[in-house]
Colleague: 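A single structure is presented below for examination.
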2 protein chains.
Amino acid sequence: MMDRRVRKTREALYSAFVALVAERGYDGFSIQDLIDEADVGRTTFYAHFKAKEDLLQFGFNRWRDELTSLPKSTAAERRGFMEALLGHTKSHAGLFAALLGGGGGALAETEFRSIVEEVVAAEVGPDEHRATMIAMLSGALLAAIRQWIDAGVKGSGAEILDAFDKLVSAAKR
Amino acid sequence: MMDRRVRKTREALYSAFVALVAERGYDGFSIQDLIDEADVGRTTFYAHFKAKEDLLQFGFNRWRDELTSLPKSTAAERRGFMEALLGHTKSHAGLFAALLGGGGGALAETEFRSIVEEVVAAEVGPDEHRATMIAMLSGALLAAIRQWIDAGVKGSGAEILDAFDKLVSAAKR
DNA sequence: TTCGGTAACGGATATCTTGTCCGTCATCAA
DNA sequence: TTGATGACGGACAAGATATCCGTTACCGAA
């Protein structure tokens, strides 16, 4: 098991990170601000993370671990997966809003997309443009989620999944 | 008309910017590096641009001006517009690759999307989820272009437009 | 409960980047 | 030709970064 001190320090840093991103945006604070907020020594930060971006990766890895445990065999299960995805997004809307529209956007988007792609790929049949289609559908879903967040994450997001289904059915033909 | 000195300075800065982004990525160089490359005084940079991001905006504004002059009334004209878009992207692939996957990603994506949305909106009929649909299609197109770039911009991009048409037709129903 | 190992600490530091100031010189357009 | 304007180099303070040190406090296995 991991040393308790390590766990505590990482937790403190990650919590501070989340709070600061939501409050000031990804580029709105320095590492100095971060370690002040986390109440952790400067050296300690660098003992655990190489840069701010590592912290973002750290969070996505956690989330990914959480999501990969869900079953994705049947269409219904995949719908459940997406609902879980939307639910998590909704409950951390402030964080995602800051991420998707800031300096962490590139990494956040890549991570988000890779999580989504796994499920989308299962919906797309073999095709000459399969790779293009998967990229397009993932991009479409991500764009819809982003717009949902920008509009204040109203509703359960079911409209998004419905609209998405429309596109998926087109991809199948 | 604009003072020749002003034109020359801006051109020098923008050329250096393009070269450095393509070579080292958006976050891979400092303003110091930029003015060294452009062989321009530090003060001079700040007399024209507030930050690195302004230079990116400057480039997109140019591109936008170029594209808005194209007609977009008929479906065929809109297809031509998209072909022009893809053509330009292809001939500046190195630049876009660095932008869409780097720190300038947020602004670059916003700009790219806003250029695309105008055309996409014309394809989508009135609908209860019109806004969502437009966002999705724009996102899909952008994702396809990004994948195209990552794969080495092979071909004319016609496959992208074909696949895109499939999705558009689904959105119309 | 002890004890060797390990993590966190504060403080210091060298280096880089940023944005702004100045007076001087070169270039422009009228 | 000339008054206006832009570009220049040099310098500067402020802030951030990443790494060093010796010391202290905590952990968990024996």
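First the proteins, then the strands, lettered A, B, ... as listed; each starts at 1. Small disclaimer: the values here were computed from a predicted structure and weren't measured.
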Colleague: Looking at every strand, decide which applies to B:Asp39 at a 4.0 Å heavy-atom threshold: base, sugar-phosphate, or nothing.
Modeller: sugar-phosphate
Colleague: Measure the distance from CD on B:Gln32 to C1' on D:dC12 and round it to the nearest whole Å.
Modeller: 14 Å
Colleague: For B:Val6 and for A:Met2, locate the closest nucleotide of DNA chain D by heavy-atom distance; then report the residue assigned to the nucleotide nearer the 5' terminus.
Modeller: B:Val6
Colleague: Rounded to whole angstrom units, what separation is found between the CD1 atom of A:Ile31 and the C1' atom of D:dG15?
Modeller: 13 Å
Colleague: So, B:Arg62 and B:Glu66, do they make that salt bridge, N to O below 4.0 Å?
Modeller: no
Colleague: Whether A:Tyr46 contacts D:dT19 is assessed here as follows: a side-chain N or O lying under 4.0 Å from the phosphate OP1 or OP2. Is that the case?
Modeller: no
Colleague: Nearest whole Å is fine: how far is C:dC16 C1' from B:Phe29 CZ?
Modeller: 16 Å
Colleague: Tell me whether A:Lys52 contacts the main-chain N or O of A:Phe17 through its side chain, where contact means a donor paired with an acceptor under 3.5 Å.
Modeller: no
Colleague: Counting N and O atoms only, with roles assigned by atom type, does the side chain of A:Arg113 sit under 3.5 Å from a partner on the main chain of A:Leu142, one being a donor and the other an acceptor?
Modeller: no
Colleague: Closer than 3.5 angstrom, by distance alone: can the side chain of A:Ser169 be matched with the main-chain N or O of A:Lys166 as a donor-acceptor pair?
Modeller: yes
Colleague: Between A:Arg146 and B:Glu109, is there a side-chain N and carboxylate O pair less than 4.0 Å apart?
Modeller: yes
Colleague: Mark yes or no for whether A:Arg64, through its side chain, and A:Ile115, through its backbone, hold a donor-acceptor pair below 3.5 Å.
Modeller: no
Colleague: Hey, which of these two, A:Val40 or B:Arg7, hits DNA chain C nearer its 5' end, going by closest nucleotide?
Modeller: A:Val40
Colleague: Please report the distance, rounded to the nearest Å, between NZ in A:Lys8 and C1' in D:dA25.
Modeller: 11 Å
Colleague: Five pairs per end, C1' atoms only: what is the angle between the end axes of the helix from C:dT1-D:dA30 to C:dA30-D:dT1, to 10 degrees?
Modeller: 40°
Colleague: Return the value, rounded to whole Å, for the distance between atom CG of A:Asp36 and atom P of C:dC9.
Modeller: 12 Å
Colleague: Whole angstroms only, please: what is the CD-C1' distance between A:Glu11 and C:dA8?
Modeller: 17 Å
Colleague: Roughly, in whole Å, what's the span from CZ in B:Arg10 to C1' in D:dG6?
Modeller: 11 Å
Colleague: Is there a path of hydrophobic side-chain contacts, each under 4.5 Å between heavy atoms of I, L, V, M, F, W or Y residues, that connects A:Val6 with A:Phe49?
Modeller: no
Colleague: Within the pair B:His48 and D:dG6, is there a side-chain N or O less than 4.0 Å away from OP1 or OP2?
Modeller: no
Colleague: Please write out the pairs of protein N or O atoms and N or O atoms of nucleotides 22-27 of chain C separated by less than 3.5 Å, giving the distance to one decimal.
Modeller:
unit_1, atom_1, unit_2, atom_2, d
C:dT27, O2, B:Arg5, NH1, 3.0

Colleague: Counting the benzene-type ring for Trp, do A:Phe96 and A:Trp63 have ring centres under 6.0 Å apart?
Modeller: yes
Colleague: Quick one: does B:Arg42 reach the base of D:dG10 with a side-chain donor-acceptor pair under 3.5 Å?
Modeller: no
Colleague: Can you check the B:Phe49 CZ to C:dG19 P distance for me, whole Å?
Modeller: 14 Å
Colleague: Kindly say whether A:Val119 contributes a backbone atom to a donor-acceptor pair with the side chain of A:Lys72 at under 3.5 angstrom?
Modeller: no
